[in-house]
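Presented below is the structure to which this report refers.
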Protein chains: 2
Amino acid sequence: MALGDAILACLTERPMTGYELAKTFDSSVGFFWKADHQQIYRELSKLRDRGYIQGREVVQSGKPNKLIYTLTPEGRTALRHWAARPSTPPSIKDDLLVRLHALDSIDIEPVRTDLMDRLEHHRDRHENYERILKKRFPEGTASGVLDLGNLLLLRLGARHEQMVADFCEEALDALSAMSGKATVVPLDDGKREGKG
Amino acid sequence: MALGDAILACLTERPMTGYELAKTFDSSVGFFWKADHQQIYRELSKLRDRGYIQGREVVQSGKPNKLIYTLTPEGRTALRHWAARPSTPPSIKDDLLVRLHALDSIDIEPVRTDLMDRLEHHRDRHENYERILKKRFPEGTASGVLDLGNLLLLRLGARHEQMVADFCEEALDALSAMSGKATVVPLDDGKREGKG
DNA sequence: GACGCATATGCGTCAATGTGCATATGCGGT
DNA sequence: ACCGCATATGCACATTGACGCATATGCGTC
């Protein structure tokens, strides 16, 4: 359960509610791990059942009561054990790559617009990383172990986004140069299948 | 169904059996998309049910009969429609990053050995990409649209692996420099939970 | 006052993925 | 004779993920 461990990792920083965790997974951690609130609440229940976290209810008026989750000693141990296991390099699983693999059997134009969108997306994220880096690590050095982890994380993120952005640019250039040779037959058949 | 589309993309090259597809997803396409044979057979059944591929049985003696799958015109159309939709940038979801995020709450030593393993892994893959690039594209240019897609793919793969390898090296250096400050308490409690 | 938005939790369903197991046989090694 | 390996297909179960929907209310705005 990778998401569960990611949640435990977040809770090492400070106790949080499901709602706060969902926001975390939508911003900072979300840069490399996406999870919506339903996924997080479900995982929190599991972690609680296993005794890895403890929920403390905070009564509120006007809003549903909060459940602030704290890591238990068992949870900390579980996280340490998980972190002591070798990680498995994930595969990229980017639709764009599949399209490139079958580039001669599909229409180029949509791929071009897709690449342009992706270029913008990855540039935005790159700027975001750089901004956070400059703000949190103006010296480019980390003081403690926690800081070091986050500094490395941000650097990896920044480089990754820049690399993909550069790739999109290069791919667009190459497609432009090639566009004369391609046989472009637009999709014009009316029917469409649901989403598969 | 992303895997289904990846399979359709593979079948544009030539008709294949499930077994051949499994091998493909373990080598070339497997560099960015992992799928074992069970997943592939299951997906092939679905694609056949939808009429996107057609299976031709080849009787064999000694071995189970082959089922060579060919793209139908409907399958080609479905692939083109899928490829015309915008792609969604995937998240990285690397366990290693989660560990870095909680670096002060876990043991550093296993992370170091993990980083060393990963460094070797990514270097191997990088060399692999470079080797294929040199072999298939000695000039560094593509002749047709299909070639262009594969050239771009290989270049992205090579850069990605190099970047991650560099990152591992840098992280190892940083951890070494930091190692004096870290409080290293080895894991010695006997009990272990199953796998989570 | 109706509408959207933020706060805060959760259920249900289906698709996608991962892991283990089962079947059937020839071929080469020990 | 037995073992492992390659060929070739597939089922069953569990986990993970994506998506929609439901509940409950204060606060600002149109």
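Per chain, numbering begins at 1; letters A, B, ... match sequence-line order.
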- Which nucleotide in the set dT9(D), dT9(C), dT17(C) lies at the smallest distance from any side-chain heavy atom of Lys93(A)? dT17(C)
- Message: At less than 4.0 Å, is any side-chain N or O atom of Tyr41(B) found next to OP1 or OP2 of dG10(D)? Yes or no.
- Response: no
- Item | Qualifying residue, where the test is side-chain contact (heavy atoms from CB on, under 4.5 Å) with Leu152(B) and the options are Asn150(B), Leu156(B), Leu148(B) | Leu148(B)
- Which nucleotide in the set dT9(C), dT16(D), dA18(D) lies at the smallest distance from any side-chain heavy atom of Glu43(A)? dT16(D)
- Query: Can you check the Ile40(A) CD1 to dC19(D) P distance for me, whole Å?
  - Reply: 15 Å
- Rounded off to whole Å, could you give me the CG-to-P distance for the Leu44(B) and dG10(D) pair? 8 Å
- Note on the structure: Any strand, both distances under 3.5 Å, Watson-Crick or G-U wobble: dC30(D) pairs with dG1(C)
- Between Arg85(B) and Asp95(A), is there a salt bridge with N-O shorter than 4.0 Å? no
- Spacing of Leu47(B) atom CG relative to dA15(C) atom P, expressed in whole Å: 14 Å
- Between dT25(D) atom P and Lys66(A) atom NZ, what is the distance in whole Å? 18 Å
- Message: Suppose we call a contact any N or O donor and acceptor under 3.5 Å apart; does that hold for the side chain of Gln38(B) and the base of dG20(C)?
- Response: yes
- Inspect the surroundings of CD in Gln54(A) and state if more than 12 heavy atoms from other residues, nucleotides or ligands are less than 6.0 Å away. no
- Indicate yes or no: does Glu169(A) engage Arg123(A) in a salt bridge with an N to O separation below 4.0 Å. yes
- Note on the structure: From the candidates dA18(D), dG17(D), dA22(C), the one with an atom nearest any side-chain atom of Asp36(A) is dA18(D)
- For the pair made of OH in Tyr19(B) and C1' in dT23(C), what is the distance, rounded to whole Å? 15 Å
- Query: Below 4.0 angstrom, N of the basic side chain to O of the carboxylate: do Arg136(A) and Asp147(A) qualify?
  - Reply: yes
- Query: Side chain of Arg42(A), base of dG17(D): donor and acceptor closer than 3.5 Å?
  - Reply: yes
- Query: Is Thr17(B) touching bases, backbone alone, or none of the nucleic acid, heavy atoms closer than 4.0 Å?
  - Reply: sugar-phosphate
- Query: Does Glu109(A) pair with Arg112(A) as a salt bridge, N-O distance under 4.0 Å?
  - Reply: yes
- Message: Taking the nucleotide of DNA chain D with the nearest heavy atom to each, does His37(A) or Lys34(A) sit closer to the 5' end?
- Response: Lys34(A)
- Grab the CH2-P distance between Trp82(B) and dA16(C) for me, whole Å please. 12 Å
- Note on the structure: From CZ of Phe25(A) across to P of dT16(D) the rounded distance in Å is 13 Å
- Task: Please determine if a side-chain N or O atom of Lys23(A) lies less than 4.0 Å away from the OP1 or OP2 oxygen of dA6(C).
- Result: no
- Length of the line joining Met16(A):CE and dT9(C):P, which is rounded to integer Å: 12 Å
- Message: Side chain of Ala2(B) only, heavy atoms from C-beta on: which candidate in dT17(C), dA8(D), dG17(D) is closest?
- Response: dT17(C)
- Item | Residue-phosphate contact under 4.0 Å: Lys46(B) side-chain N/O, dA15(C) OP1/OP2 | no
- Select one nucleotide: of dG17(D), dG18(C), dA8(C), the one nearest the side-chain heavy atoms of Gln39(B). dG18(C)
